Amino acid sequence: MTKGVALVTGGGRRIGAQICATLIEEGWYVIVHARTSVDEAQALLDEASQKANGEACGEVVKADLSSDEGLAFLIDATKSIIEAQNAAGLGVLVHNASIYNSKDYASVSLEELRLNNRIHIEVPFLLTQSLSPVLKAASGCIIGMVDTSLGRAWEGLAHYTASKAGLRQLMMNLAGDLAPHIRVNCVAPGAIMAAPWEAEHFASVIEKVPLGRGGAPEDVANAVSFLVRSTYLSGQVIEVDGGWSVAP
């Protein structure tokens, strides 16, 4: 039986890698996009192949999405892989590629602001636009990885949170624009994995989480899996945050 094909951007490491591993375990042939984490992405696929008695479980596509050429390469490679796999189309598209750094608002450059908007808004918009025909052919679904920062003020993250809010609204709009053929939802991770520079802030957030602990990449991947399987859900945001979004 031909496997369904899934594409995960930024899938070589951290949460993206766990999403890829979970989709593979559930029978998907996963296109793992990576910019610099190519070795990690290939190791992920090699390990999955060993567990599957040597069966190929996906392919790595290296592309720099900050350039038009890199985006075009990923689009063309995805279409070629779908054709080579003799799949009906693209079953799952996860917009996971992201950049995340802290910088004082006054010192954020126009170039940095544009790069955040490029990766978090332009790329998902253009990638979805180009892959809509193959998504429609497979009655596929799209999942945008957004953020729990909506409605909150985060010091040093205005460039990041603004662009992630834009991605969330884009996904909500696409849920309407692409219905009924393509479902679109979001997953918003909370305190899952701390960046090296945010240990103190991460610990302060954990203190406010009702479940009293941080989450794991598997928690996020399970939410993605749920949305993939839930064929009557569209236009939804799942907050994977241990209840933090409703805490007083």
Side-chain angles (χ1 to χ4, degrees), residues 1-65 70-98 124 127-128 130-145 181-185 187 189 192-193 216-231 233 240:
M1 182 180 295
T2 301
K3 288 186 176 182
V5 176
L7 166 61
V8 180
T9 64
R13 56 193 294 268
R14 294 171 65 89
I15 290 174
Q18 185 59 55
I19 292 171
C20 291
T22 298
L23 290 174
I24 290 171
E25 290 173 2
E26 295 180 351
W28 292 91
Y29 187 89
V30 179
I31 302 170
V32 185
H33 159 260
R35 182 177 66 90
T36 58
S37 305
V38 175
D39 291 342
E40 294 95 324
Q42 190 58 57
L44 183 157
L45 291 179
D46 291 344
E47 181 179 353
S49 178
Q50 289 179 357
K51 292 179 181 178
N53 298 317
E55 181 182 357
C57 297
E59 298 179 43
V60 178
V61 176
K62 180 181 180 180
D64 182 355
L65 300 182
L71 178 58
F73 180 80
L74 176 59
I75 292 167
D76 290 343
T78 298
K79 292 178 179 178
S80 295
I81 291 170
I82 291 169
E83 183 176 355
Q85 289 298 309
N86 195 32
L90 184 63
V92 181
L93 171 57
V94 182
H95 293 302
N96 177 72
S98 183
L127 193 58
T128 300
S130 296
L131 295 178
S132 288
V134 289
L135 281 158
K136 181 179 178 180
S139 297
C141 68
I142 301 168
I143 298 169
M145 303 301 296
H181 306 290
I182 302 168
R183 296 182 298 108
V184 185
N185 293 288
V187 172
I192 304 296
M193 299 181 75
E218 289 83 358
D219 297 315
V220 180
N222 288 340
V224 171
S225 171
F226 170 74
L227 289 174
V228 169
R229 292 180 283 106
S230 300
T231 58
L233 283 184
V240 185

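Here the structure is a predicted model, which means the values were calculated and not measured.
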To the closest 0.5 Å, what do you measure between [atom1] ([X]) and [atom2] ([Y])?
{"X": "Ser139", "Y": "His181", "atom1": "OG", "atom2": "NE2", "value": "8.5 Å"}
{"X": "Lys136", "Y": "Leu131", "atom1": "NZ", "atom2": "CG", "value": "15.0 Å"}
{"X": "Leu227", "Y": "Ile142", "atom1": "CG", "atom2": "CD1", "value": "12.5 Å"}
{"X": "Ile19", "Y": "Trp28", "atom1": "CD1", "atom2": "CH2", "value": "14.0 Å"}
{"X": "Leu45", "Y": "Cys20", "atom1": "CG", "atom2": "SG", "value": "7.5 Å"}
{"X": "Gln85", "Y": "Glu59", "atom1": "CD", "atom2": "CD", "value": "6.5 Å"}

Let me check something: any side-chain donor-acceptor pairs from residues 74-84 under 3.5 Å, sequence neighbours excluded? List them with distances.
{"residue": "Thr78", "atom": "OG1", "partner": "Leu74", "partner atom": "O", "Å": "2.8"}
{"residue": "Ser80", "atom": "OG", "partner": "Asp76", "partner atom": "O", "Å": "3.0"}

Side-chain contact test, heavy atoms from C-beta onward, threshold under 4.5 Å: evaluate it for [X] versus [Y] and give yes or no.
{"X": "Arg35", "Y": "Leu65", "value": "no"}
{"X": "Met145", "Y": "Val224", "value": "yes"}
{"X": "Phe73", "Y": "Asp64", "value": "no"}
{"X": "Val5", "Y": "Val134", "value": "no"}
{"X": "Leu93", "Y": "Leu127", "value": "yes"}
{"X": "Val94", "Y": "Val228", "value": "no"}
{"X": "Arg14", "Y": "Pro217", "value": "no"}

If you look at every heavy atom in [X] and [Y], which pair is closest and at what distance?
{"X": "Val32", "Y": "Gly12", "answer": "CG1-N, 4.0 Å"}
{"X": "Ala48", "Y": "Ile24", "answer": "CB-CG2, 3.8 Å"}
{"X": "Val240", "Y": "Ala223", "answer": "CG2-CB, 3.7 Å"}
{"X": "Gly11", "Y": "Leu44", "answer": "O-CD1, 4.3 Å"}
{"X": "Gly10", "Y": "Asn96", "answer": "O-ND2, 2.8 Å"}
{"X": "Cys57", "Y": "Ala52", "answer": "SG-CB, 4.0 Å"}

Answer yes or no: is there a donor N or O on one side and an acceptor on the other, between the side chain of [X] and the main chain of [Y], under 3.5 Å?
{"X": "Asn222", "Y": "Asp219", "value": "no"}
{"X": "Arg183", "Y": "Ser230", "value": "yes"}
{"X": "Thr22", "Y": "Gln18", "value": "yes"}

For [X], side chain to side chain donor-acceptor pair (under 3.5 Å) partners two or more places apart:
{"X": "Ser225", "value": "Glu26, Arg229"}
{"X": "Asp46", "value": "Gln42"}
{"X": "Thr128", "value": "His95"}
{"X": "Gln50", "value": "none"}

### Query
Can you list the residues that meet the salt bridge (charged side-chain N to carboxylate O under 4.0 Å, His left out) rule with Glu47, with sequence neighbours excluded?
Lys51
### Message
Can you tell me which residue among Val92, Thr9, Val60, Val61 is in a side chain to side chain contact (heavy atoms under 4.5 Å, CB included) with Ile31?
### Response
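Of Val92, Thr9, Val60, Val61, side chain to side chain contact (heavy atoms under 4.5 Å, CB included) with Ile31 is met by Val61 alone.
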